[in-house]
Amino acid sequence: MRGLHADTGYLLYRLGLRSGQLFNTFLQASGLRLRHYAVLRFLAGSEGALQRELSTRLGYDPSAIVGLVDDLEKQGFAERRPSPDDRRSRIVVLTEDGRAFLRDTDEAGLRVTNDLLDPLDAADRQTLHTLLLRIAEDGLG
């Protein structure tokens, strides 16, 4: 039987867990978690999104998205607005407070990533990022 560290899938799983732990520790003071942060980051790159689009793009259950958006609205970081295309639908939009939160956390988020990737030099980090991006674009949509 081969060791767990010989299994690339297992290593990716463990690194994902570790990354999540580091990010959640970093976000703890704000009352947010990595899932909230992912929604905010997605919204920062868009003009808003339907909740079902957030669910699909982030890979979260639709019921989880409702709770995450509720939490972000309570913090003042996101808000639901009528969709310009269909007044019966609501889009989720990042607020100015949400943008400020992301700006304020950029440096700390970078420190978390740097801590995780500390064993790698700059070239290895770039290679890892390129490979992960290729996998994510192909396998995650």
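Quick caveat, the model's predicted, so the values are computed rather than measured.
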- Give a yes or no on whether Val112 and Leu116 share a hydrophobic cluster (residues Ile, Leu, Val, Met, Phe, Trp, Tyr; joining criterion: side-chain heavy atoms under 4.5 Å apart). yes
- Gap separating the CG atom of Leu43 from the CG atom of Leu54, nearest 0.5 angstrom: 5.5 Å
- Query: Cluster question for you: counting only ILVMFWY and a side-chain heavy-atom cut-off of under 4.5 Å, with indirect links fine, are Val66 and Val39 together?
  - Reply: no
- Message: Could you check whether atom CZ of Arg99 has more than 12 heavy atoms from other residues, nucleotides or ligands sitting under 6.0 Å from it?
- Response: yes
- Look only at the side chain of Asp118 and the backbone of Asn114, and say whether a donor-acceptor pair between them is shorter than 3.5 Å. no
- Side-chain (Thr127) to main-chain (Ala123) donor-acceptor, under 3.5 angstrom: yes
- Heavy-atom check, side chain of Arg90 versus side chain of Pro82, under 4.5 Å: yes
- Query: Can you find a heavy atom in the side chain of Leu94 that is under 4.5 Å from one in the side chain of Leu102?
  - Reply: yes
- How long is the gap from CD1 on Ile65 to CZ on Arg57, to the nearest 0.5 Å? 12.0 Å
- Item | Between Asp61 and Ser63, a side-chain donor and acceptor under 3.5 Å | yes
- Item | Hphob cluster co-occupancy, Val69 + Leu50, side-chain heavy atoms under 4.5 angstrom | no
- Item | Check: Ser89 side chain, Asp85 main-chain N or O, donor-acceptor pair, under 3.5 Å | no
- Message: Does either side chain, that of Arg33 or that of Gln28, offer a donor lying less than 3.5 Å from an acceptor on the other one?
- Response: no
- Would you say Gln75's side chain and Ser30's backbone share a donor-acceptor pair under 3.5 angstrom? yes
- Please check if the side chain of Arg125 supplies one atom and the backbone of Leu117 the other of a donor-acceptor pair under 3.5 Å. yes
- Query: Measuring from Arg18:CZ to Asp115:CG, what's the distance to the nearest 0.5 Å?
  - Reply: 8.5 Å
- Message: Ring-plane angle category for Tyr37 and Phe23, please: parallel below 30°, perpendicular beyond 60°, tilted otherwise.
- Response: tilted
- Rounded distance (nearest 0.5 Å) linking atom CG of Leu27 with atom CG of Leu40: 9.0 Å
- Could you tell me whether Arg35 sits above the aromatic face of Tyr60, with NZ or CZ closer than 6.0 angstrom to the six-membered ring centre and within 45 degrees of the axis? yes
- Message: For Thr130 and Gln126, which I'm curious about, is there any donor-acceptor pair between the side chains at under 3.5 Å?
- Response: yes
- Message: Let me confirm one number: the CZ-CD distance from Arg80 to Glu73, rounded to the nearest 0.5 Å.
- Response: 4.5 Å
- Residues in salt bridge (Lys or Arg N to Asp or Glu O under 4.0 Å) with Asp106, at least two apart? Arg41
- Message: Let me confirm one number: the CZ-CG distance from Phe26 to Leu110, rounded to the nearest 0.5 Å.
- Response: 10.0 Å
- Task: Check for a donor-acceptor pair, side chain of Asn24 on one end and backbone N or O of Leu34 on the other, with a separation under 3.5 Å.
- Result: yes
- Does Thr95 reach the main-chain N or O of Phe77 with its side chain, forming a donor-acceptor pair under 3.5 Å? yes
- Would you say Ile91 and Val93 make side-chain contact, with heavy atoms under 4.5 Å? yes
- Item | Leu12-Leu131 co-clustered via ILVMFWY side chain contacts under 4.5 Å | no
- Query: Mind checking whether Phe101 and Leu32 have side chains closer than 4.5 Å, heavy atoms only?
  - Reply: yes
- Query: Which heavy atom of Asp124 sits nearest a heavy atom of Leu120, and at what distance?
  - Reply: CB-CB, 3.8 Å
